[in-house]
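What follows is a set of notes on a single structure, which appears directly below.
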Amino acid sequence: MLTPLLVSLLTDQALITIVVVIAVVLVVGTTGLVVARRRRSELPPATKPAVEAPEPTVGEDAEEPRDTPTRTLEDAELPEAEAAPATTLEKPESAQGRLVRLRARLARSQGSLGKGLLALLSRDKLDEEAWEDIETTLITADVGVAPTQELVEKLRTRMRVEGVGAAQARDILREELVALVDPWMDRSLKSSRKDGQPAVMLMVGVNGTGKTTTVGRLARVLIAEDKHVVLGAADTFRAAAADQLQTWGERVGARTVRGPEGGDPASIAFDAVKEGIAEEADVVLVDTAGRLHTKTGLMDELGKVKRVIEKTAEVDEVLLVIDATTGQNGLTQARVFAEVIDVTGLVLTKLDGTAKGGIVIAVQRELGVPVKLVGLGEGPDDLAPFDAEQFVDALLE
């Protein structure tokens, strides 16, 4: 028989054991539940089984086709924000319209020469002092010493022999100025295909004369005459030259052939002419780098460009661009260029503003080469064929 004390101890020990077991069970159960939940959350979501598309219905039970046409990728309309903008080509102004507008502008900017001469010739008495003033006016206007002396001598003779007064002085001055500018020089541009090849024009000149701009403007003049024009960006030394020329071309639909910056100008000019031949273009305009006329090596390279082109096609025009505001300095530049390459025509830019109209007479007389184009103003169509009589009339207005 167990004593009451032993029974009591056994009972207490049993209770403690039961409590401990229950606690352990609770802790283990809770931990397992947490782990199970954590594992369950880390599992990827269950994917639904793919539903097979029903077989297309055929036979009598087939659905009638809809009237809506099938849309392809090409038919799809782009959102408004992503739609490519349409390129609108500019329509250059005709040569006749340019001449009228440029004459009016020239009259405003160059009137001092003609008006000054008319004021002196209209004096009641033309003494030696008056004739000296006339000479000074002409030389100051960049006419040059030799042409000035020639003009003054003719004016003195006619005024004395014909005995005319102030009313007739203008007509005499006009006639003599037109003769000095020489209206009989051939100022036409060789811009037509010949022997199945395009006409090739080289644009040359020193930095800062507006050469690349002149190429772009001349392209507009030719395109206004329905010519197919290809541009050659052979000025590889000025970083923005090729981009600038390409922009001019894109405005009127003329393609620009260009190469890497710093590339061989002769090679690019050659490629431009080849492309012009392949496209059956009417004219290939080649922009060359602005050469410093004091740099012998660079001037020689200009001659190389011409020689390389002539392996494929004849160079029809070499147009020398001169900044009219440089006066006698521009005349010096023209002289050096003429020694390196056969210049066929002159382009006078910036003839408005502070430029003196006499540079036209001086540079023609010096080189024996006609002024073929003049630039007045900053607009895209501010380039026009030169006309001797209209030029003189503008000076005297």
### Query
What do the steps show when you test Trp131 against Leu121 for side-chain contact (heavy atoms from CB on, under 4.5 Å), and what is the final call?
CA-CA 9 Å; Trp131 288 113; Leu121 290 172; 3.9 Å; yes

Cluster overlap Leu189 with Val221, hydrophobic side-chain contacts below 4.5 Å: yes

N/O donor-acceptor pair under 3.5 Å between Asp323 side chain and Thr325 backbone:
yes

Here the gap from Leu331 atom CG to Leu367 atom CG, rounded to the nearest 0.5 Å, amounts to 7.0 Å

_Check for me, please, whether Val284 and Ile277 land in the same ILVMFWY cluster - side-chain distances under 4.5 Å, paths through other members count._
yes

On a heavy-atom basis, the closest approach of Val273 and Thr312 is CG1-CG2, 4.2 Å

**Study point:** Worked check of side-chain contact (heavy atoms from CB on, under 4.5 Å) between Leu383 and Val347
**Key:** CA-CA 9 Å; Leu383 182 76; Val347 182; 4.1 Å; yes

Result for side chain to side chain donor-acceptor pair (under 3.5 Å) between Thr212 and one of Thr288, Asp243, Asp287 points to Asp287

Residues at least two apart in sequence or cross-chain that pass side chain to side chain donor-acceptor pair (under 3.5 Å) with Glu135, listed by chain then number, are none

Note: Lys350 and Gly208 closest approach over all heavy atoms is NZ-O, 3.0 Å

Task: Lys274, NZ: over 12 other non-hydrogen atoms inside 6.0 angstrom - done: no

With distance as the sole criterion, is a donor-acceptor pair present between the side chains of Lys190 and Thr344 under 3.5 Å? no

* Dump the intermediate steps for side-chain contact (heavy atoms from CB on, under 4.5 Å) on Asp235 and Leu245, then the final yes or no. => CA-CA 10 Å; Asp235 184 353; Leu245 188 62; over 6 Å; no

Does the pair Glu150/Arg365 count as a salt bridge with the N-to-O cut at 4.0 Å? yes

Original post:
Between Arg217 and Asp382, is there a side-chain N and carboxylate O pair less than 4.0 Å apart?
Top reply: no

Value for CG (Leu373) from CG (Leu351), rounded to nearest 0.5 Å, stands at 12.0 Å

Worksheet item: Taking a hydrophobic cluster as the set of Ile, Leu, Val, Met, Phe, Trp and Tyr residues connected by side-chain heavy atoms closer than 4.5 Å, whether directly or through intermediates, do Val308 and Phe237 fall within one such cluster?
Response: no

- prompt: Do Gln246 and Glu250 have side-chain atoms, one donor and one acceptor, less than 3.5 Å apart?
  reply: yes

Between Arg193 and Glu280, does at least one N-O distance fall below 4.0 Å, as a salt bridge requires? no

Taken in chain and number order and not counting sequence neighbours, the residues that satisfy salt bridge (Lys or Arg N to Asp or Glu O under 4.0 Å) with Glu128 are Arg156

For residues Val229 and Asp282, determine if any side-chain heavy atom of one lies less than 4.5 Å from a side-chain heavy atom of the other. no

Smallest heavy-atom separation, Thr136 atom then Thr140 atom, equals O-OG1, 2.7 Å

| Below 4.0 angstrom, N of the basic side chain to O of the carboxylate: do Arg335 and Glu339 qualify? | no

Between the NZ atom in Lys372 and the CG atom in Leu218, the distance rounded to the nearest 0.5 Å is 11.0 Å

Hits for side chain to side chain contact (heavy atoms under 4.5 Å, CB included) against Ala388, two or more places apart or cross-chain, chain-then-number order -> Val181, Pro183, Arg187, Phe386

Is Asp393 paired with Arg174 through a side-chain N to carboxylate O contact shorter than 4.0 Å?
-> yes

Just list the side-chain donor-acceptor pairs under 3.5 Å for residues 260-271, sequence neighbours left out, or say none.
from: Asp264; atom 1: OD1; to: Ala266; atom 2: N; distance (Å): 3.4
from: Asp264; atom 1: OD2; to: Ser267; atom 2: N; distance (Å): 3.4

In this structure, would Leu138 and Ile172 fall into the same cluster of hydrophobic residues linked by side-chain contacts under 4.5 Å? yes

When every non-hydrogen atom of Val230 is compared with those of Ala281, the smallest separation belongs to CG2-CB, 3.8 Å

Rounded to the nearest 0.5 angstrom, the CG-CD1 distance for Leu319 and Ile322 is 11.0 Å

Checking Leu346, Leu348, Thr209 against Val321 for side-chain contact (heavy atoms from CB on, under 4.5 Å), the one that qualifies is Thr209

Exercise. Are Leu202 and Ile341 close enough that some pair of their side-chain heavy atoms sits under 4.5 Å apart?
Worked result: yes

Quiz item: Are side-chain N/O atoms of Thr213 and Gln244 paired as donor and acceptor at under 3.5 Å?
Solution: yes

Run the numbers on Asp142 and Val360 for side-chain contact (heavy atoms from CB on, under 4.5 Å), then give the verdict.
CA-CA 9 Å; Asp142 292 329; Val360 173; over 6 Å; no

Heavy-atom nearest pair, Val343 first then Gly345, reads CG1-O, 3.3 Å

Can you get from Val178 to Val152 by hopping between Ile, Leu, Val, Met, Phe, Trp and Tyr side chains that sit under 4.5 Å apart?
-> yes

Backbone of Ala199 reached by a side-chain donor or acceptor of Lys194 within 3.5 Å: no

Residues passing the side chain to side chain donor-acceptor pair (under 3.5 Å) test with Thr148, sequence neighbours excluded, are none

Contacts of Glu275 meeting side chain to side chain contact (heavy atoms under 4.5 Å, CB included) (sequence neighbours excluded), chain-then-number -> Arg255, Val257, Glu279

In this structure, CG of Asp171 is separated from CZ of Arg158 (nearest 0.5 Å) by 9.0 Å

d(Leu376 CG, Asp381 CG) to nearest 0.5 Å is 13.0 Å

| message | So does Val315 get a backbone contact from the side chain of Lys306, meaning a donor-acceptor N/O pair under 3.5 Å? | response | no

What one should report as the nearest heavy-atom pair of Gln364 and Val371 is OE1-N, 3.0 Å

